[in-house]
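Numbering starts at 1 and runs along the sequence shown.
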Amino acid sequence: MNNKTLEWIKKLTAIPSPTGNTSEIIGMIKKELTALGYEANTNNKGSLLITVKGKNHQNQRFVTAHVDTLGAMVRAIKPDGRLKMDLIGGFRYNAIEGEYCTIHTASGKTYTGTILMHQTSVHVYKEAGTAERNQTNMEIRIDEKVQSKEETQQLGIEVGDFISFDPRTEITKSGFIKSRHLDDKVSVAILLNLLEKLVEDNIELPYTTHFLISNNEEIGYGGNSNISEKVTEYLAVDMGAIGDDQQTDEYSVSICVKDGSGPYHYQLRKQLTKLCEENHIPYQLDIYPYYGSDASAAMKAGADVRHALVGAGIDASHAYERTHYSSIKATEQLVESYLLQAMIE
């Protein structure tokens, strides 16, 4: 990993992109890649596809990382002018309690706010600590002088407006990166840095490779279309989940052997493991029990490919996340080694 990857992470996390509202960040990435000489095209779903021609055009690879993140929508405007939310993506309300947020109106105006329990004040509510964190009890306090539904509507806020969570990205002197939305903007940063490196070092890939910046992964689909019939291997670059019974850590690349959809391709997984061992890349093999990737979504959609999933180890996934630069470096090394390696037979 180099400083360019870290700069990409900071740049990407600074742009709100909850699933369903990703056009700004996709547009930025497209502009950057076009400046490097790539032809980057958006599909009808709004994902970005970049095809890099290789020596072999008959057998091709497909690599994805997703730029969409967790978020919310305005579910209702309450009588006191505060907002009820509906969540986008798989997470719990307690993971966003106390977080700053931005409401994005259809007109383009934005307003800031804070996500709180309705029963927050311990001086008023006996159940402040015990009340369930759910859609009924949690709300957004808007940073505007509103005290009624009508006053909030006069701001231009309506049901269906997107809500993004402040990332609070910080890179520590000890090498940790802590931020919301490291899932999966770390992986997008890795792919963008590699695409830049291919141009700068004039590297020709052994196989034509399609890079898809997916924008619907957090709701279960993204990289399951636009797959050429010539594609033989599909690599999803996402996050490695850390927790009890997990081997994944913040200092190595995680190679998924199975997630909620079932096992990943055994021979391709073994090739990735071999690449780590040959190149002295620290790695862990792991099962993610409550997880699905764009690669698994592609398999469910009927793609006839060998599929694999790798990623940096992310602590506290779908909350305020953290990883270490050494895990990002290991992931970057593995993805680059894979792209330059011959396919399995």
Side-chain angles (χ1 to χ4, degrees), residues 13 16-22 66-107 109-168 179-184 215-222 239 241 243 260 289-292 297 314 316-321:
T13 55
S17 56
T19 306
N21 190 17
T22 58
H66 70 90
V67 79
D68 62 306
T69 70
L70 305 174
M73 273 185 172
V74 175
R75 171 67 179 87
I77 303 173
K78 304 175 79 170
D80 62 0
R82 297 192 177 192
L83 305 178
K84 180 181 285 189
M85 295 171 289
D86 204 60
L87 303 184
I88 298 173
F91 64 107
R92 303 293 179 264
Y93 278 96
N94 65 287
I96 56 173
E97 184 175 3
E99 188 61 270
Y100 293 163
C101 65
T102 301
I103 302 100
H104 305 264
T105 68
S107 68
K109 291 183 179 180
T110 59
Y111 298 95
T112 62
T114 306
I115 300 169
L116 299 166
M117 281 287 289
H118 177 76
Q119 309 94 319
T120 291
S121 176
V122 296
H123 298 97
V124 178
Y125 300 101
K126 183 178 181 180
E127 70 274 25
T130 58
E132 185 179 353
R133 273 58 182 163
N134 58 22
Q135 187 181 67
T136 300
N137 291 334
M138 295 195 74
E139 62 190 15
I140 294 177
R141 180 184 65 196
I142 309 169
D143 298 328
E144 299 291 333
K145 296 176 69 175
V146 293
Q147 294 181 303
S148 68
K149 176 179 179 179
E150 292 72 24
E151 288 177 336
T152 295
Q153 288 178 314
Q154 287 171 10
L155 296 175
I157 296 174
E158 288 291 351
V159 170
D161 285 343
F162 283 92
I163 299 161
S164 62
F165 310 139
D166 283 16
R168 293 185 288 134
S179 174
R180 288 194 182 274
H181 315 317
L182 295 181
D183 169 23
D184 186 34
N215 68 333
N216 288 285
E217 194 275 347
E218 292 295 357
I219 56 173
Y221 65 91
M239 64 155 199
Y290 311 111
Y291 191 113
I314 303 292
S317 60
H318 283 196
Y320 188 53
E321 299 164 340

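- A salt bridge (charged side-chain N to carboxylate O under 4.0 Å, His left out) with Lys78 is found for one member of Glu139, Glu151, Glu150 and no other, namely Glu139.
- Side-chain contact check for Thr22 and Asp68: no donor-acceptor pair (N or O, by modelled atom type) lies under 3.5 Å.
- Minimum interatomic distance between Arg75 and Asp86 (heavy atoms only, all atoms of both residues): CB-N, 3.8 Å.
- Taking CE of Met117 as the start and OG1 of Thr136 as the end, the distance is 10.0 Å to the nearest 0.5 Å.
- Atom OG1 of Thr112 and atom CZ of Arg141 lie 10.0 Å apart (nearest 0.5 Å).
- When the shell of 6.0 Å around CZ of Arg133 is examined, it contains more than 12 heavy atoms from other residues, nucleotides or ligands.
- Residue pairs satisfying the ring-ring contact (aromatic ring centres under 6.0 Å, His included) criterion with at least one member in residues 113-166, sequence neighbours excluded, are listed as follows: Phe91-Phe165, His118-Tyr125.
- Side-chain contact check for Met73 versus Ile88: some heavy-atom pair is nearer than 4.5 Å.
- Heavy-atom minimum distance, Met239 versus Ser317: CE-CB, 3.3 Å.
- With values rounded to the nearest 0.5 angstrom, Gln154 atom CD is found 7.0 Å from Ser148 atom OG.
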Step by step, would you call Asp183 with His66 a side-chain hydrogen bond (donor to acceptor under 3.5 Å, both in side chains)? CA-CA 8 Å; Asp183 169 23; His66 70 90; 3.1 Å; yes
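- For the pair Thr102/Pro16, no side-chain contact is recorded, criterion being any heavy-atom separation below 4.5 Å from C-beta on.
- Judged by distance alone, with hydrogens and angles left aside, the side-chain atoms of Asp166 form no donor-acceptor pair with the main-chain N or O of Arg168 at under 3.5 Å.
- There is no side-chain donor-acceptor pair under 3.5 Å between Glu132 and Asn137.
- Separating the CZ atom in Arg92 from the CG atom in Asn134 is a distance of 12.5 Å, to the nearest 0.5 Å.
- Ile96 places a side-chain heavy atom less than 4.5 Å from the side chain of Arg180.
- Side-chain atoms of Val67 and Asp184, non-hydrogen and from C-beta on, never get closer than 4.5 Å to each other.
- Within 6.0 Å of atom OH in Tyr100, 12 or fewer heavy atoms from other residues, nucleotides or ligands are found, so the atom counts as exposed in its surroundings.
- Considering CD1 of Ile140 and OG1 of Thr114, their distance stands at 9.0 Å, rounded to 0.5 Å.
- Considering CD1 of Ile115 and SG of Cys101, their distance stands at 4.5 Å, rounded to 0.5 Å.
- Glu321 approaches His181 most closely through the heavy-atom pair OE1-N, 3.5 Å.
- Of all heavy-atom pairs between Gly90 and His318, the closest is O-ND1, 2.5 Å.
- The two atoms that bring Tyr111 and Leu155 nearest to each other are OH-O, 2.7 Å, heavy atoms only.
- Scanning all heavy atoms of the two residues, the minimum distance from Thr19 to Glu218 falls at OG1-CB, 3.5 Å.
- The backbone N or O of Met85 lies less than 3.5 Å from a partner atom in the side chain of Gln135, making a donor-acceptor pair.
- By the 4.5 Å heavy-atom criterion applied to side chains, Ile157 and Ile142 are counted as neighbours.
- Other residues, nucleotides and ligands place no more than 12 heavy atoms under 6.0 Å from the CD atom of Gln147.
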